[in-house]
Amino acid sequence: MYIGVDCGTQSTKVVVVDVERGKILAEASRPHHLEEGENGRREQAPAEWLAALKEAFFAALDKAGVSASQVRGIGVSGQQHGMVALDGEGVPVYPAKLWCDTETSAQNADLVARLGGEAGCLEKLGLVLQTGYTASKVAWLRERQPDAYRRIESLLLPHDYLNFWLTGERVTEAGDASGTGYFDTRKRCWQLDVFAEIAPELDPKRVLPRVLEAQESVGVVRPAVARELGLGEQVVVSSGGGDNMLGAIGTGNITPGLITLSLGTSGTVCAYSAAPIECDNAMVANFCSSTGGWLPLICTMNVTSATTRVRELFGLDLAAFGEKVASAPIGAEGVTVLPFFNGERVPMLPDAAADFLGLTSLNTTQANVCRAVVEGATFGLRYGLELLGDLTAGASQIRLIGGGANSPVWRQMVADITGTQVICPEITDAAALGAAIQAAWCDQRSEGVTLEALCERLVHLDAKSLADPQPESVAAYQPIYARYCAALEQRHGGVK
């Protein structure tokens with residue numbers, strides 16, 4: 001029995017997996033509270049993650065009808081880029097600043113300039129620093145909260161922090177570390193010269209966690225936590241990783257030819273590569289995978305976060321919102337939404353706000369506005385998909401995950417807008433499943449069990465979710481997507 005944990009922006013999810021029988025026994029989740037403030041501030045208290053993990057852990061085991069003593073290993077997935085700065089006692093010196101925090105855009109721009117612009121970033125890191133990466137958060141803390149900054153003894157990511165709580169070890173792995181902005185994604189090691197630009201007073205040997213290989217274990221659950229959770233002795237904790245990396249494992253995206261696309265709070269598009277890619281586009285992140293390879297990806301910041309704002313504005317539940325979207329025609333009768341409520345990363349518009357365009361006295365209906373915001377979020381993902389070029393151009397299938405993947409209307413929309421077949425795994429929280437699979441790989445690797453074999457046994461696709469692109473709809477979306485791109489150019493001219 002293996003446990004997969006996914007600590008996201010809105011909740012922590014736990015899945016219980018029986019590897020021997022190839023079954024997902026149960027899953028449960030518990031919510032987090034997000035602190036939002038002026039200038040794009042978005043933070044969370046790490047203590048909320050621990051409380052949610054424990055509650056979801058017990059709820060999932062109860063649903064599965066199994067005892068915690070049967071668990072052999074735990075894997076942890078976490079929202080990427082979050083800054084968890086700890087003091088010498090392992091206590092946060094400041095709330096965790098999250099991936100979607102855009103308050104640090106000025107610090108990011110300054111760092112990019114000091115590193116030699118986009119070309120300098122690519123040379124030193126294999127990617128270009130983005131607002132939202134951990135680097136600018138550390139620079140912001142140094143500038144705005146100097147007392148907290150001076151107390152830093154460890155700089156961890158959210159999944160690292162949960163592993164630290166489980167084991168007492170301060171480690172990370174290359175996939176999640178790729179999104180810090182001070183990690184060389186080609187050599188898979190810390191870039192100490194870049195870190196010195198960000199935090200010159202901090203000793204990297206002291207504050208940066210040791211980097212594990214993807215298949216390595218962090219250690220075993222420490223006795224106090226094992227007693228609290230009811231676990232047996234010697235429960236292995238795998239290296240874990242970022243939610244995108246573990247989501248790729250949970251969809252079976254560990255070899256070339258597939259695309260994983262997430263319709264979560266944010267949106268991601270990624271595809272496996274056996275080697276680091278050379279890309280001159282700053283919006284493509286040449287991240288490492290949590291399998292020993294690479295996982296180039298793009299991330300948009302406004303997907304279900306945007307659709308939820310419109311849905312709640314109209315007082316609709318999910319079913320009613322879906323009916324509104326389905327009842328409006330392709331193109332929403334001329335309504336276009338650039339849904340950048342949280343600023344945006346792809347395209348790089350950290351200070352942007354949402355735009356509702358083309359509204360007239362005839363087309364301003366709930367149905368059209370609802371459909372337009374879903375189309376706008378999906379167009380943003382197509383925009384990103386095209387940036388990945390040859391890596392995704394010949395892909396046979398999109399594996400769709402995240403909360404939005406539960407919507408049949410949205411699944412068909414993705415198929416029609418991208419012109420690619422879409423299907424969902426049976427468990428749409430693929431990051432938690434990927435974490436459990438990685439834990440099993442780490443625990444059973446010495447017995448000759450491969451990651452490929454585990455994915456084949458545990459990643460089950462939901463045939464009922466299959467959506468093939470409809471030629472008439474694919475054709476109809478071409479001018480609508482062009483309209484979106486034109487609106488993007490008009491409102492934010494010169495975006496890359």
Asks: Have Thr265 and Ser305 got a donor and an acceptor in their side chains that come within less than 3.5 Å?
Replies: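 Thr265 vs Ser305: no donor-acceptor pair found between side chains.
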Asks: For the residue pair Tyr182 and Phe195, does the interplanar ring angle fall in the parallel (under 30°), tilted (30 to 60°) or perpendicular (over 60°) class?
Replies: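 Aromatic pair Tyr182/Phe195 classed perpendicular.
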Asks: Identify which one of Met83, Gln80, Met301 satisfies the side-chain contact (heavy atoms from CB on, under 4.5 Å) criterion when paired with Trp99.
Replies: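 Result: among Met83, Gln80, Met301, Met301 is the only option passing the side-chain contact (heavy atoms from CB on, under 4.5 Å) with Trp99.
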Asks: In the structure I gave you, are the side-chain heavy atoms of Ser136 and Leu129 within less than 4.5 Å of one another anywhere?
Replies: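 No, every pair of side-chain atoms sits at 4.5 Å or beyond.
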Asks: What pairs meet the salt bridge (charged side-chain N to carboxylate O under 4.0 Å, His left out) rule with one or both residues in residues 388-413, with sequence neighbours excluded?
Replies: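 For residues 388-413: none.
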Asks: What I'd like to find out is whether the side chain of Ile401 reaches to under 4.5 Å of the side chain of Leu263, using heavy atoms alone.
Replies: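 Answer no - side chains too far apart.
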Asks: Describe, in one word, how the ring planes of Phe379 and Tyr481 are oriented to each other, choosing from parallel (under 30°), tilted (30 to 60°) and perpendicular (over 60°).
Replies: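 If you compare the ring of Phe379 with that of Tyr481, the planes turn out tilted.
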Asks: Would you verify whether the NZ or CZ of Arg188 falls within 45 degrees of the ring axis of Trp294 while also being under 6.0 Å from that six-membered ring's centre?
Replies: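 Yes, a cation-pi geometry.
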Asks: Looking only at the side chains, is there a donor atom on one of Thr12 and His32 sitting less than 3.5 Å from an acceptor on the other?
Replies: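 On atom types as modelled, these side chains qualify, holding a pair under 3.5 Å.
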Asks: Pair Ile427, Asp462 - check side-chain contact (heavy atoms from CB on, under 4.5 Å), show working.
Replies: CA-CA 8 Å; Ile427 177 172; Asp462 180 5; over 6 Å; no
Asks: Decide salt bridge (charged side-chain N to carboxylate O under 4.0 Å, His left out) for Glu103 and Lys137; before the verdict, give the C-alpha distance in whole Å, the side-chain angles of both, and the deciding distance to 0.1 Å.
Replies: CA-CA 9 Å; Glu103 185 177 21; Lys137 296 174 172 61; over 6 Å; no
Asks: Do the ring planes of Phe356 and Phe341 sit parallel (below 30°), tilted (30 to 60°) or perpendicular (above 60°)?
Replies: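 Ring orientation, 0 to 90° scale: perpendicular.
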Asks: Between the side chains of Ser239 and Gln438, does any donor sit under 3.5 Å from an acceptor?
Replies: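 The answer is yes; a qualifying pair exists.
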Asks: Check whether the side chains of Thr172 and Asp160 place a donor and an acceptor atom closer than 3.5 Å, and report yes or no.
Replies: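 Result is yes, a qualifying pair exists.
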Asks: Looking at side-chain heavy atoms only, is the closest gap between Trp410 and Leu400 below 4.5 Å?
Replies: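 Contact flag for Trp410/Leu400 side chains = no.
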Asks: Taking distance alone, no hydrogens or angles, what donor-acceptor pairs closer than 3.5 Å link side-chain atoms of residues 367-374 to residues at least two apart or in another chain?
Replies:
{"residue": "Asn368", "atom": "ND2", "partner": "Glu333", "partner atom": "OE1", "Å": "2.7"}
{"residue": "Asn368", "atom": "ND2", "partner": "Asn363", "partner atom": "O", "Å": "2.9"}
{"residue": "Asn368", "atom": "ND2", "partner": "Thr365", "partner atom": "OG1", "Å": "3.3"}
{"residue": "Arg371", "atom": "NE", "partner": "Pro329", "partner atom": "O", "Å": "3.2"}
{"residue": "Arg371", "atom": "NE", "partner": "Glu375", "partner atom": "OE2", "Å": "3.0"}
{"residue": "Arg371", "atom": "NH1", "partner": "Val325", "partner atom": "O", "Å": "2.9"}
{"residue": "Arg371", "atom": "NH1", "partner": "Ala328", "partner atom": "O", "Å": "3.3"}
{"residue": "Arg371", "atom": "NH2", "partner": "Tyr477", "partner atom": "OH", "Å": "2.9"}

Asks: Among side-chain atoms of Glu344 and Asn302, is any donor-acceptor pair under 3.5 angstrom?
Replies: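 Judged by distance alone, the side chains do pair up.
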Asks: Will you find, in the side chains of His33 and Glu35, an N or O donor that is under 3.5 Å from an N or O acceptor?
Replies: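 Looking only at side-chain atoms, Glu35 and His33 do form a donor-acceptor pair, the distance falling under 3.5 Å.
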Asks: Does some side-chain heavy atom of Pro469 sit less than 4.5 Å from a side-chain heavy atom of Thr418?
Replies: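 SC-SC contact between Thr418 and Pro469 ruled out.
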Asks: Return yes if some donor-acceptor pair links the side-chain N/O of His159 with the main-chain N/O of Gly241 below 3.5 Å, else return no.
Replies: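 The answer is yes, because a donor-acceptor pair under 3.5 Å joins these two groups.
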Asks: If you apply the rule side-chain contact (heavy atoms from CB on, under 4.5 Å), what do you find for Asn342 with Thr102, and how did you get there?
Replies: CA-CA 8 Å; Asn342 292 329; Thr102 57; 5.8 Å; no
Asks: Distance only, no hydrogens: is a donor on one side chain within 3.5 Å (strictly under) of an acceptor on the other, for Glu173 and Ser290?
Replies: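 There is such a pair between these side chains.
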